[in-house]
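Residue numbers begin at 1 in each chain, while the letters A, B, ... track the order of the sequences. Computed from a predicted structure; not experimentally measured. Worth knowing before you read on, the calculation uses all heavy atoms, side chains too, and leaves out hydrogens, waters and symmetry mates.
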2 protein chains.
Amino acid sequence: MGDEHHLDLLWGRGAATGRGRPARTTREQVVAAGLARADAAGLEDLSMRAVAADLGVGVMALYTHVESREGLVALMIDAAFAEITGDLYPHPGEPWRDAAARQARALWELYARHPWILHHGSRLPMGPHVLGMEDAFFAPFLDIGLAPAETANAAIALRSLVTGLARDSTSEQDQVRRTGVGLAEYWSSINAVFWERYFEEERYPSMTRLWYEGGFESEDVLAEEGILERAVEAYLDGIAVRVHSGGSGQDAGVARRQGAPSRAGGPPPSPGGPR
Amino acid sequence: MGDEHHLDLLWGRGAATGRGRPARTTREQVVAAGLARADAAGLEDLSMRAVAADLGVGVMALYTHVESREGLVALMIDAAFAEITGDLYPHPGEPWRDAAARQARALWELYARHPWILHHGSRLPMGPHVLGMEDAFFAPFLDIGLAPAETANAAIALRSLVTGLARDSTSEQDQVRRTGVGLAEYWSSINAVFWERYFEEERYPSMTRLWYEGGFESEDVLAEEGILERAVEAYLDGIAVRVHSGGSGQDAGVARRQGAPSRAGGPPPSPGGPR
DNA sequence: GCCACTTTCCAGACGTTGTACCGAAAGGAT
DNA sequence: ATCCTTTCGGTACAACGTCTGGAAAGTGGC
């Protein structure tokens, strides 16, 4: 297999020559097994030995399809994003706010299905479907009268808002799963022990006051989606204000780069690119 | 030391009795050594052996101060947040938007100093300074005419927005540090290899168009702070709209909970609390 | 001064992890 | 049938977190 670049695997380049001993498993099977295990038990239970055992295969057999554990996780992440990239671009005639909100929801639900993506340390891999997701997030803000840089920032910030909220929301479930203790006992132990033993109401006046005013009453899981909806709506409101009033960037930056680009290559996939 | 609860360590409860062999290091020293190492080399280089070697101490000596590696990281995170909790609450007379923006900046800069906090998998530990930060973030939104639940959501979403943006921005520097390759070569290799070998302009039309329009031109590091400023401003604009027009929640939920609370204890420190 | 008692320190060991090495196995091409 | 290419899997190794047991180093009581 050509070790030209580790990105080859993400972009499906390593074409089999047909010669040599045939592999007992496909790369798709390996990635699927990893996905299943991560969905069920989290990233910290994704050991190469465990994945190999799930497939009934020796450990080192995995390394014919992935170049490392981290490479496997990269493939898994890109495969996960393939779930939503099919219907992410704005539909014809769909208002930009509806499209952006729909994208935010899709990303949110993807993170709910695969929370390990959020607890994965490094950046998203530059795979085709991750890039597809990022590209789609730019689309709703393209022709609404924002300057190009504002357009880019608006989309990146929306993505980050969803990611941050999802991370906050899923991390506690993740912790519950990791420690093995059930959700009920976890919270009951927190409630029983933490508040009376450590929390000092006068030290944290804002939370205390909000508590007594009922600000933390939402107990159902769906209310957690409410916070996404509200935050996205508020943020898009802010973008809308920017469009109608101080926008003035409709044609300021259009076709500015028809000459010689200051950097060779193409667009960066993520916040800012080279800095 | 009483192993009543792992939270005792975070809240500084384990008081030394004065008897027995005195410890050669203090818990503060251990946490500081861990902080220094994580700041310099990231969380994945924070091994117990390395921290012990930095202190000139045997490995197991650390376990008299921390109960595990994860407990050490929790202490480190709480210690890091202590850097900003001193001046986080709104100043007297400070407009709520200024206070919220200032908090967002402070959190952003904290993450820039300690990016490993963002790449840490599980949720923030329930330490006194983490709680202090969370409490302060609620304060600006308290008396601006939002319903209690909206107040809580607004603060949580602002925190998540900053965290998400910071995570996106710092993860690539983190990746550079982890792989050992310098920033310049990293990006030059990305630029030289990626765009011409993998990227297909017709497959990612939004990014391609934004690129040609100059949407990704910000090359300086400070521009990265611009994205935070812009996103926070947009979000706070959305909150402001909510306050002045459709708010109507000024007194809807005040003092609703003076009777018997539906849950025993006190306010939850984080999004939603028990669900 | 001496002795119990308590706490900390450290060397070694154990189990688990990712993965390098290498000979054996298995199929296509000649 | 023989080569050639690729995959397979047992073994090995270094690094990791942390348990264990005994030695070390103090304090309090006599």
### Task
Grab the two heavy atoms, one from B:Gln29 and one from B:Arg24, that are nearest each other, plus how far apart they are.
OE1-O, 4.1 Å
### Message
Counting only side-chain nitrogens and oxygens, does B:Thr64 get under 4.0 Å of the OP1 or OP2 atom of C:dC9?
### Response
yes
#### Entry: Rounded distance (Å) that lies between atom C1' of D:dG9 and atom CG of A:Leu55
15 Å
### Query
Between B:Ser47 and D:dC16, does any side-chain N or O lie under 4.0 Å from OP1 or OP2?
yes
### Query
To the nearest Å, how far apart are B:Glu44 CD and C:dG18 C1'?
15 Å
### Query
Counting distance only, does the side-chain N/O of B:His114 pair as donor-acceptor with the main-chain N or O of B:Leu35 below 3.5 Å?
no
### Task
Remember a base hit wins even if backbone is also touched, and classify B:Leu72 as base, sugar-phosphate or nothing at under 4.0 Å, heavy atoms.
nothing
## Note on the structure
Result for 5'-nearest mapping on DNA chain D, choosing between B:Arg49 and A:Ala23, is A:Ala23
### salt bridge (charged side-chain N to carboxylate O under 4.0 Å, His left out) contacts touching residues 72-87 of chain A (sequence neighbours left out)
A:Glu83-A:Arg113, A:Asp87-A:Arg102
### Query
How many Å lie between CZ on B:Arg24 and P on C:dC9, as a whole number?
7 Å
### Task
Rounded to the nearest angstrom, tell me the gap between atom CG in A:Leu43 and atom P in C:dG18.
11 Å
### Query
Going by modelled atom types, is there a donor-acceptor pair between the base of C:dT7 and the side chain of B:Arg21 at under 3.5 Å?
no
### Task
Using a 4.0 Å heavy-atom cut-off across all strands, classify A:Val59 as base, sugar-phosphate, or nothing.
base
### Message
In whole Å, I'd like the distance from the CD atom of A:Glu67 to the P atom of C:dG18.
### Response
15 Å
### Message
Assess whether a salt bridge exists between B:Arg37 and B:Asp54, defined as any Lys/Arg side-chain N lying under 4.0 Å from an Asp/Glu carboxylate O.
### Response
yes
## Note on the structure
Taken to the nearest whole Å, CG/A:Leu62 to P/C:dT19 is 11 Å
### Query
Using 30° and 60° as the class limits, which term best fits the ring planes of A:Phe199 and A:Phe194: parallel, tilted or perpendicular?
tilted
## Note on the structure
Testing C:dT19, C:dA11, C:dA25 for proximity to the side chain of B:Met60, the answer is C:dA11
### Query
Once you round it to whole Å, what is the distance between P of C:dC9 and CE of B:Met48?
13 Å
### Summary
Comparing B:Arg19 with B:Ala61, nearest DNA chain C nucleotide closer to 5' gives the residue B:Arg19
### Query
Which whole-number value in Å describes the distance from A:His65 NE2 to D:dC8 C1'?
11 Å
### Task
Please tell me which of B:Ser68 and B:Gly20 maps to the more 5' nucleotide of DNA chain D, matching each residue to the nucleotide holding its nearest heavy atom.
B:Ser68
